[in-house]
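Below you'll find the structure, written out as structure tokens, and then a few comments.
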Amino acid sequence: EDQVTQSPEALRLQEGESSSLNCSYTVSGLRGLFWYRQDPGKGPEFLFTLYSAGEEKEKERLKATLTKKESFLHITAPKPEDSATYLCAVQRGATNKLIFGTGTLLAVQP
Amino acid sequence: DAGVIQSPRHEVTEMGQEVTLRCKPISGHNSLFWYRQTMMRGLELLIYFNNNVPIDDSGMPEDRFSAKMPNASFSTLKIQPSEPRDSAVYFCASSPGQGEIQETQYFGPGTRLLVL
């Protein structure tokens, strides 16, 4: 059965304190792994798509990496505005469906 | 682009009443998705359409839920009769193409449903 597990469930950082969020997945025929950011009361906002092991993508203070079993979202020198829930999702072969993890709630304190 | 538009943004109703949620996808997008988000289960796909045709409704919880897409710019998700356990945030998302390549889904702001 396809499964996505995110850890930790919640993370509190001081401004400038770098860290990583983990997304472990089990899926047959991965087509893509997606990272989204969700602010309270809003819909998920697209961040990255990774397609194959070894791939990396960056956007401002965020960098996403992918292996055959997991993905990491690295946050370098975070700011309070990076506080949000970060969601990971996988898309498997021959389907347009996304399977989401339950997310990591990130709080960055000034 | 206005993005995905959902209405209403909030809905409070009583158990047994019919609820209709509405979605307008991004213009030109051919795939549309309905999700439900709860604290316990996270984001779950209910149903998705390609070119207005339902492709996979395996996530629809039961017969009380139904979804339609009468044209490329409008979809509804209906719950009849509603129950308190249906309380959740319902999201609509759309993506550009036919699903043959990895495609990004763009989400609307959601409808917060509370069934009393």
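The figures that follow rest on heavy atoms only: side chains count, while hydrogens, waters and symmetry mates do not. Chain letters run A, B, ... following the sequence lines, proteins first and then strands; every chain starts at 1. Since we're looking at a predicted model, the values are computed, not measured.
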*Does CD in B:Glu62 sit with more than 12 non-hydrogen atoms of other residues, nucleotides or ligands closer than 6.0 Å?*
yes
*Can you tell me if CD on A:Glu81 sees more than 12 non-hydrogen neighbours from other groups inside 6.0 Å?*
yes
*What pair of heavy atoms forms the shortest contact from B:Thr104 to A:Phe34, and how long is it?*
CA-CE2, 3.9 Å
*asked:* Do B:Val19 and B:Tyr35 sit in one hydrophobic cluster, given that two such residues count as connected whenever their side-chain heavy atoms are within less than 4.5 Å of each other, even indirectly?
replied: no
*Atom group of B:Leu45 that falls short of 4.5 Å from chain A, counting heavy atoms*: side chain
*Which answer fits A:Ile99, side chain, backbone, both or neither, if we ask what part of it has an atom under 4.5 Å from a heavy atom of chain B?*
neither
*asked:* Using heavy-atom distances under 4.5 Å, tell me whether A:Gln38 contacts chain B through its side chain, its backbone, both, or neither.
replied: side chain
_Just so I understand: if I count every heavy-atom pair under 4.5 Å between each of B:Glu44, B:Gln37, B:Met39 and chain A, which residue has the most?_
B:Gln37
*Could you tell me whether the side chain of A:Phe46 reaches within less than 4.5 Å of the side chain of B:Gln105, counting heavy atoms only?*
no
_Residues, nucleotides or ligands: over 12 heavy atoms within 6.0 Å of B:Arg41 CZ_ = no
_For the CG atom on B:Asp63, are there more than 12 heavy atoms of other groups (residues, nucleotides or ligands in this structure) within a distance under 6.0 Å?_
no
*Hey, any chance A:Leu13 and A:Leu62 share a hydrophobic cluster, counting ILVMFWY side chains that come within less than 4.5 Å of each other, even indirectly?*
yes
*Of all the heavy-atom pairs spanning A:Lys42 and B:Phe91, show the shortest one and how long it is.*
O-CZ, 3.7 Å
*Max heavy-atom pair count under 4.5 Å with chain A, selected residue of B:Pro109, B:Gly59, B:Gly42*: B:Pro109
_Heavy-atom pair count under 4.5 Å with chain A, highest-scoring of B:Tyr106, B:Phe33, B:Phe107_ = B:Phe107
*Using the rule that two of Ile, Leu, Val, Met, Phe, Trp, Tyr join whenever any of their side-chain heavy atoms come within less than 4.5 Å, decide whether B:Ile47 and B:Ile55 are in one cluster.*
no
_Minimum heavy-atom distance A:Lys97-B:Ser58, with the two atoms named_ = NZ-OG, 3.7 Å
